[in-house]
Enquirer: 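The structure follows.
Hydrogens, waters and symmetry mates play no part in the numbers below; they use all other heavy atoms, side chains included. Just so we're on the same page: letters track the sequence lines, and every chain starts at 1.
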Amino acid sequence: MSTFSTVSLLPGLLNETVTLRGWIRAIRSSGKIRFVEFRDGSGTCQCTVEAIHPEAFAALEHCGQETSLAVTGVVKAEPRSPGGVEVSVTDVSIYQIAEEYPISRKEHGVDFLMQHRHLWLRSPRQEAILRVRHRIISAAREFFDLDGFTLIDTPIFQPGAAEGAGTLFDVDYFGSPAYLAQTGQLYLETAAMAMGKVYCFGPTFRAEKSKTRRHLTEFWMIEPEVAFYELEDLERLSENFLSHIVQSVLQHNRADLEALGRDVSLLETIQAPFPRLTYSEAVELLHNPALHEKLEQELAAEQQRCKELNQSITDLEHQLSQVSKAWKVEKLKKEIQELQDQVKELELWISNQPAHIEDAKSFEWGHDFGGDEETILSKQFERPLIVTEYPKEVKAFYMKENEADPRTVRNLDVLAPEGYGEIIGGSQREDDLDKLLSRMQAEGMDPEPYQWYLDLRRYGSVPHGGFGLGIERTVSWICGLKHIRETIPFPRLMGRMQP
RNA sequence: UCCAGCGUGGCUCAAUGGUAGAGCGGGUGACUGUUAAUCACUAGGUUGUAGGUUCGAGUCCUACCGCUGGAGCCA
């Protein structure tokens, strides 16, 4: 047999002899037959090796989890196999025998898994997330590519700050200071003046000391920038863009989402148009007594649910005291553990919520929304929420002033549903040279290093704008994850660089 | 940076201040349909580090280190 097949192709190869190359996810032995849970990156299938093939049978004698091997055998429809298909193996060729693979099929702690991230990636859950991540990225690029955008790569070493300087990673660039990119935007604006519709996709770096479930120090961002686009155009672009991504994932990765336990019905509603609020309307909503009442009711309902969960735990513990079979005890213990985790999460939410409600009531126009305000606002809608026209003071210098209300700028944030927070931030850009200069002056910025950027306002300035989508927060939302660390193969977090 | 919790075998966890244990994983053996297989046997420990209290410390106290959760910070 000179050609190789993959697990994903097996349903189309019934009764044919195939050779697969991959790894042992698990192996069980039952006297004269061995069952190999075989994975090759394209999928998982069960392989059986019977003692009537003595060489193949013996070859698997001492093979542990993650042993690499090639198997040859006949593909059979088999209802007793988990996937409905299995390979009846006649030949086995071992690449390498793996001994004592550290990640067992039982539960592990976060620290241990993060230290073994390079091996953790082989687990079914991580595979599913990686596939969804890939789909999100390819759908995002497909959306722009089909709409006449040109990909422009912007530099990662940058001479200065586009955002707050306190959050830049500085590097020594042959004796001169340089910084890792926080955004490709300024460069992308120049490219939009050349190509009209452009986007960049690359890693960005933030030195924020944020130790939360939604912050990475290195994350990937895809940023479109379009000449002649104004705020309303950006709103439409963002909702069509997100809808396309979500629908693409639903079309291609439904099995992955289900493996992750994602409530897919919540994603099916994600279609343009999205709800829109101006910042001022959002502040009014936060002050609305009807909202406060709704939040109070929600709090009471969750407190009730917490009580019910505690009751269930008590019931299970009672059952536990009457059960003696080892496997049943294990099962009950696990159920109890899961409920206890839920209660913990719920109690945390319940303890934070009164302060969040107070924050909403006392929120003053002019401040930026914190995570709690974002969560409250986004939870009032099933679809992502577009919030526009924030106060000038809390936003970046390059954002275009709003003519109708000069206290605000022509920007937009898109907040993901279910409390996943801001996934898109962007704006129409200030295209008037004098206004841009006076804005920079007001921020205490030296215009000298930005002359190249200011040239755009000197030579054929036009209205334009763009936004950035954070890939990892999008993955987190679409997969329904609790923590952003699982959204990227090798997360860089405050205080964690290994492996 | 602040607050809280946790550090016990490779992993996940037990252990009133009084002889450190279990499950999984590893090893050996049994079993021709397993699904986290099952059953029997077996090896594996300076309880994060350094001090202190005590007749006696995994357990109490102090400091440090590490991790987790949260707060703050944050296109």
Side-chain angles (χ1 to χ4, degrees), chain A residues 25-37 44 46-52 57 61-62 64-65 78-83 86 88 98-116 124 161-164 166-167 182-185 204 206-217 219 221 223 325-327 329-331 333-334 337 341 344-345 347-349 351-352 355-356 359 368-372 374 387 390 394-399 409 411-415 421-427 466-470 473 482-483 485 493-496:
Chain A
R25 171 162 279 149
I27 183 162
R28 290 177 285 274
S29 178
S30 184
K32 301 282 191 307
I33 183 167
R34 299 194 205 279
F35 298 91
V36 176
E37 230 172 277
T44 303
Q46 177 164 289
C47 297
T48 55
V49 188
E50 294 175 78
I52 51 173
F57 190 79
E61 177 79 46
H62 296 290
Q65 212 182 326
E78 173 54 73
R80 288 173 294 185
S81 169
E86 75 179 17
S88 182
E99 288 170 5
E100 302 207 38
Y101 183 69
I103 300 184
S104 71
R105 309 200 83 190
K106 277 236 172 172
E107 68 270 32
H108 296 284
V110 173
D111 186 33
F112 177 81
L113 289 172
M114 286 297 282
Q115 296 206 25
H116 295 82
E163 313 285 344
T167 62
Q182 285 187 317
T183 166
Q185 185 205 314
T204 55
R206 303 280 163 97
E208 288 157 12
K209 293 192 171 164
S210 299
K211 202 173 145 279
T212 81
R213 55 176 79 179
R214 21 185 237 225
H215 284 88
L216 292 163
T217 55
F219 65 96
M221 192 155 64
E223 300 175 86
K325 279 192 180 172
W327 68 270
V329 167
E330 280 291 305
K331 200 178 155 211
K333 275 187 179 169
K334 201 184 170 190
Q337 184 62 47
D341 288 348
K344 226 174 163 183
E345 187 85 358
E347 277 173 347
L348 183 66
W349 185 87
S351 69
N352 284 332
H356 290 171
D359 286 350
D368 204 353
F369 294 132
D372 49 347
E374 282 183 357
V387 186
Y390 281 58
V394 300
K395 288 294 167 181
F397 74 97
Y398 50 73
M399 294 188 177
V409 289
N411 79 304
L412 81 165
D413 278 1
V414 181
L415 309 180
E422 183 188 339
I423 49 173
I424 281 181
S427 72
F467 58 76
L469 171 84
R473 283 191 183 175
K482 278 204 211 134
H483 201 292
R485 62 181 157 235
L493 297 154
M494 184 188 147
R496 190 181 287 278

Enquirer: Please pick, from C31(B), C74(B), U34(B), the nucleotide with the shortest atom-to-atom distance to any side-chain atom of Glu208(A).
Expert: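 Within the option list, the nearest is C74(B).
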
Enquirer: CD of Glu50(A) versus C1' of U34(B): gap in Å, rounded?
Expert: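 Those two atoms, CD and C1', are 12 Å apart.
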
Enquirer: If only side-chain N and O atoms of Lys32(A) are considered, is one of them under 4.0 Å from the OP1 or OP2 phosphate oxygen of U32(B)?
Expert: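 Checking Lys32(A) against U32(B): at least one side-chain N or O falls below 4.0 Å of OP1 or OP2.
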
Enquirer: Take the protein atom CD of Glu61(A) and the nucleotide atom P of C31(B), then report the distance between them rounded to whole Å.
Expert: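 After rounding, the reported distance stands at 12 Å.
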
Enquirer: Can you tell me the distance, in whole Å, between the CD atom of Glu107(A) and the C1' atom of C11(B)?
Expert: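 One finds 9 Å between C1' of C11(B) and CD of Glu107(A), rounded.
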
Enquirer: In whole Å, I'd like the distance from the CZ atom of Phe35(A) to the P atom of U38(B).
Expert: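 The distance from CZ of Phe35(A) to P of U38(B) comes to 14 Å, rounded to the nearest Å.
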
Enquirer: Name the pairs: protein N/O against N/O of nucleotides 68-72 of chain B, kept only if under 3.5 Å.
Expert:
residue : atom : partner   : partner atom : Å
U68(B)  : OP1  : Arg496(A) : NH2          : 3.1
G69(B)  : OP1  : Arg485(A) : NH1          : 3.0
G69(B)  : OP1  : Arg485(A) : NH2          : 2.8
G69(B)  : N7   : Lys211(A) : NZ           : 3.3
G70(B)  : OP1  : Arg213(A) : NE           : 2.5
G70(B)  : OP1  : Arg213(A) : NH2          : 2.1
G72(B)  : O6   : Lys211(A) : N            : 3.0
G72(B)  : N1   : Lys209(A) : O            : 2.7
G72(B)  : N2   : Lys209(A) : O            : 3.0

Enquirer: Nearest whole angstrom, please: distance from the P of G7(B) to the CZ of Phe112(A).
Expert: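 Atom-to-atom, Phe112(A) to G7(B), this comes out as 18 Å.
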
Enquirer: Name the residue closer to the 5' end of RNA chain B, choosing between Gly109(A) and Ala26(A) according to the nucleotide with the nearest heavy atom.
Expert: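 Its nearest nucleotide being more 5', the pick is Gly109(A).
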
Enquirer: When you get a sec, tell me which of C74(B), G26(B), G25(B) is the closest nucleotide to the side chain of Ser104(A)?
Expert: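 Comparing C74(B), G26(B), G25(B) against the side chain of Ser104(A), the answer is G25(B).
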
Enquirer: For Tyr101(A) and for Thr204(A), find the nucleotide of RNA chain B with the closest heavy atom, then tell me which residue's nucleotide is more 5'.
Expert: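 Checking each residue's closest nucleotide, the 5'-ward one belongs to Tyr101(A).
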
Enquirer: What residues, two or more places apart in sequence or in another chain, satisfy ring-ring contact (aromatic ring centres under 6.0 Å, His included) together with His116(A)?
Expert: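 Phe112(A).
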
Enquirer: Hey, does Glu99(A) reach any base, or is it just sugar-phosphate, or nothing, if we go heavy atoms under 4.0 Å?
Expert: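 The residue Glu99(A) makes no contact with any strand.
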
Enquirer: Between A36(B), C31(B), G33(B), which one does the side chain of Lys106(A) approach most closely?
Expert: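 So the side chain of Lys106(A) is nearest to A36(B).
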
Enquirer: Separation of Phe219(A) atom CZ from C74(B) atom P, in whole Å?
Expert: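 Rounded to whole Å, this separation is 15 Å.
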
Enquirer: Between the side chains of Arg213(A) and Glu345(A), is the shortest nitrogen-to-carboxylate-oxygen separation below 4.0 Å, so that they form an ion pair?
Expert: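 Result for this pair is yes, salt bridge flagged.
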
Enquirer: Nearest to the side chain of Ser30(A), which nucleotide is it out of G26(B), C74(B), C31(B)?
Expert: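 Of all the options, the side chain of Ser30(A) is nearest to C31(B).
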
Enquirer: State whether the side chain of Ser210(A) and the backbone N or O of Thr212(A) hold a donor-acceptor pair below 3.5 Å, judged by distance alone.
Expert: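 Side chain of Ser210(A) to backbone of Thr212(A): no pair is present.
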
Enquirer: Between Ser29(A) and Arg34(A), is there a donor-acceptor pair closer than 3.5 Å when you use the side chain of the first and the backbone of the second?
Expert: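 A pair under 3.5 Å: no.
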
Enquirer: Taking a pair as Watson-Crick (N1 to N3 plus N6-O4 or O6-N4) or G-U wobble (N1-O2 and O6-N3), both under 3.5 Å, which stems of 3 or more consecutive pairs involve RNA chain B?
Expert: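 For RNA chain B the paired stretches long enough to count as stems (3 pairs minimum) are B:1-7 with B:65-71, B:10-13 with B:21-24, B:26-30 with B:38-42, B:48-52 with B:60-64.
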
